[in-house]
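Some notes on the structure that comes next.
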Amino acid sequence: LNNASMSDSYHRIHGVVPCHDVVWRIACDESGKEFTDIIYEKAVGEGIAKITINRPERRNAFRPQTIKELIRAFNDARDDSSVGVIILTGKGTKAFCSGGDQALRTKDGYADYEDFGRLNVLDLQVQIRRLPKPVIAMVAGYAIGGGHILHMVCDLTIAADNAIFGQTGPKVGSFDAGYGSSIMSRLVGPKKAREMWFLTRFYTAAEADKMGLVNTVVSMFYFLSDFQQENLERETIKWCREILRNSPTAIRVLKSALNAVDDGHAGLQELGGNATLIYYGTEEGNEGKTAYVERRRPDFSKFPRRP
Ligand code: S0N
């Protein structure tokens, strides 16, 4: 048995996979329904969730079902207070995600059930952007089209040195005029963003690093087996652990602050929600609620009017 099949059979039998010093346990959401297009795992005792797009035979292209499952898993990871960081990745070393499944594209989006198409990947992009925990894209191989946009909406990107980034829209008859354009322009600057979209070139991990598209590139001497892939995961886990050592509230507020200007009213709402959340925890905020419950006039006189 090679590493890959050993780890696959271990997964099936025990529901857990040892990866260096991390033990991954298969997770589910409250519906209890199985996932078919993704693998959803949590690292035992670590505060890390990992969501893997599992369509390697299609270079991890997503269909509406894939996105539905990703949304369920991200919701669960958001609600689970033991989770502090979420990794988004693709199965295998050939692709993170190659975008929407072109075989399912119809005149009104992507269709894999019912009679009409949909672009539910846009909901997923917004969900990742608003999720109050850091989301890290762990990219090996191709991050193309809608897959490239998914890594861009994540907070951080850790790339393997075989990673390839690019947009194909104008070549295959599509475009993302939302986050796929605006966030890209913020990340790499307006000139480079135009280059990426107008010329539809692909870029190596080193080029992406230089452009500010990724946070780091994990160099790998030889990148063909599961063992080498663990180097990428090892580095990603290191970044997760560094984040997890820090204050979750500070990180939560910072994520919303870093997005606020670009996300307009929705960004302000997210940041404002965090202010309310913190205010609820103060004695001053509590006085208002307690007075209402006790049917008395609230007394805010003891609280300072700070300069
Ligand atoms: C990723 C590429 C470069 C990999 O090349 P490689 O390694 O040579 O592999 P292939 O032999 O090409 O592929 C292996 C098998 O996988 C299938 N496949 C790959 N990608 C897709 C895909 N996206 N959809 C369906 N199938 C895919 C291949 O067909 C092959 O299958 P077999 O073995 O059966 O022949 C290369 O594969 C590539 O260029 N892929 C296409 C990349 C692409 O153009 N993606 C779509 C880009 N557009 C979007 O993602 C749109 C996103 C979106 O949803 C959206 C968002 C906002 C607004 C609008 C939209 C919108 O859709 O319009």
Side-chain angles (χ1 to χ4, degrees), residues 36-38 52-71 74 88-114 116-130 137-154 157 159-187 193-205 207-208 213-214 220 223-225 228-229 262-263 266:
T36 60
D37 287 17
I38 68 163
T52 306
I53 303 173
N54 188 22
R55 303 188 76 220
E57 70 291 351
R58 290 261 162 266
R59 296 291 184 270
N60 295 319
F62 54 78
R63 50 180 182 166
Q65 173 67 23
T66 319
I67 300 294
K68 268 177 116 176
E69 293 184 11
L70 287 166
I71 288 173
F74 272 108
L88 175 63
T89 193
K91 176 80 173 171
T93 56
K94 289 187 178 156
F96 168 75
C97 174
S98 64
D101 189 325
Q102 296 307 290
L104 299 171
R105 206 175 111 189
T106 65
K107 60 179 178 10
D108 57 356
Y110 294 89
D112 62 354
Y113 58 94
E114 299 177 333
F116 44 85
R118 56 194 82 219
L119 267 179
N120 55 351
V121 71
L122 302 181
D123 300 330
L124 175 66
Q125 293 172 6
V126 172
Q127 183 185 20
I128 293 173
R129 188 86 176 167
R130 290 178 69 87
M138 183 169 80
V139 178
Y142 289 102
I144 303 296
H148 184 253
I149 297 161
L150 281 182
H151 105 84
M152 287 195 298
V153 300
C154 291
T157 298
D161 60 0
N162 78 333
I164 304 277
F165 300 86
Q167 298 298 153
T168 58
K171 204 161 52 190
V172 300
S174 75
F175 53 84
D176 183 341
Y179 281 162
S181 298
S182 60
I183 290 181
M184 184 196 289
S185 188
R186 279 283 193 219
L187 283 176
R194 281 163 173 76
E195 178 187 313
M196 274 195 107
W197 274 111
F198 294 174
L199 279 69
T200 62
R201 285 184 185 165
F202 286 2
Y203 300 83
T204 63
E207 288 166 330
L213 257 184
V214 304
M220 258 163 288
F223 193 87
L224 282 175
S225 72
Q228 270 79 26
Q229 193 182 8
D262 288 337
D263 290 355

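Both ligands and their constituent atoms are indexed starting at 1 by order of listing.
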Original post:
Rounded to the nearest 0.5 Å, how far apart are NE2 of H148 and OH of Y142?
Top reply: 14.0 Å
Subject >> Amino acids in close contact with ligand 1, where any non-hydrogen atom sits under 4.0 angstrom away >> reply: E57, R58, R59, A61, F62, S98, G99, G100, D101, Q102, Y110, L119, V121, L122, Y142, I144, G145, G146, T168, V172, S174, F175, D176, F202
Subject >> From CG (N60) to CD1 (I38), nearest 0.5 Å >> reply: 12.0 Å
Original post:
Are a donor atom and an acceptor atom from the side chains of Y110 and Q65 found within less than 3.5 Å of each other?
Top reply: no
Original post:
What pair of heavy atoms forms the shortest contact from T204 to F165, and how long is it?
Top reply: O-CD1, 4.3 Å
Original post:
When rounded to the nearest 0.5 angstrom, what is the spacing between OG1 in T157 and CG in L187?
Top reply: 8.0 Å
**OP:** Could you tell me whether R55 and D101 have a side-chain N and a carboxylate O separated by less than 4.0 Å?
**Re:** yes
